[in-house]
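Structure, as structure tokens:
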Amino acid sequence: MSTMIAPYFISILLSFPLILPTDGWVQWQFAFPNKAVCEEFLSEQHESLFVNITRAFLSMPHVINDFQCMTVEEGVQ
């Protein structure tokens, strides 16, 4: 029996307090082969990712609540 290994994505929990009453996860498009590699990259690039997310949502008041490495399925849950 083969087990499919799901890729991991950097997932960002965002709030848009003036637009939506709930939080939501946004997943970065680049896939990592496993959680350890994703977490290492996230640790090294956290500040840069924070700045890029802030810039991407500059026109909308938002709060970045969390960064995690998740599979697509974990992000949906």
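As the structure is a prediction and not an experimental result, all values here were calculated from the model.
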Heavy atoms, side chains only, cut-off 4.5 Å: are Ile53 and Leu14 in contact?
yes

Heavy atoms, side chains only, cut-off 4.5 Å: are Trp25 and Gln68 in contact?
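Trp25 reaches Gln68 side chain to side chain.
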
Between [atom1] of [X] and [atom2] of [Y], what distance do you get to the nearest 0.5 Å?
X: Ile12; Y: Leu49; atom1: CD1; atom2: CG; result: 6.5 Å
X: Leu13; Y: Asn65; atom1: CG; atom2: CG; result: 4.5 Å
X: Glu39; Y: Glu44; atom1: CD; atom2: CD; result: 12.5 Å
X: Thr71; Y: Gln27; atom1: OG1; atom2: CD; result: 7.5 Å

Leu58: which other cluster members, linking ILVMFWY side chains closer than 4.5 Å, directly or transitively?
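None; Leu58 is a cluster of one.
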
Quick check: does any side chain N or O of Thr54 sit under 3.5 Å from a backbone N or O of Phe50, one acting as donor and the other as acceptor?
yes

Closest contact, heavy atoms only, Lys35 versus Tyr8
N-CD1, 3.4 Å

Which atoms form the tightest heavy-atom contact between Pro17 and Pro61, and what is the distance?
CD-O, 3.8 Å

Is there a chain of hydrophobic side chains (I, L, V, M, F, W, Y, each step under 4.5 Å between heavy atoms) that links Leu42 to Met70?
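Looking at the clustering, Met70 is in a separate group from Leu42.
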
Are Trp28 and Phe57 linked, directly or through intermediate hydrophobic residues, by side-chain heavy-atom contacts shorter than 4.5 Å (ILVMFWY only)?
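Yes; tracing contacts between hydrophobic side chains, which count when under 4.5 Å, links both residues.
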
Ring geometry between His62 and Phe16 (parallel below 30°, tilted from 30 to 60°, perpendicular above 60°)
tilted

Which class fits the ring pair Phe30 and Phe32: parallel under 30°, tilted 30 to 60°, perpendicular over 60°?
perpendicular

Output every pair passing disulfide (SG to SG under 2.5 Å) with a member in residues 45-77, not counting sequence neighbours, ordered by first then second residue.
Cys38-Cys69

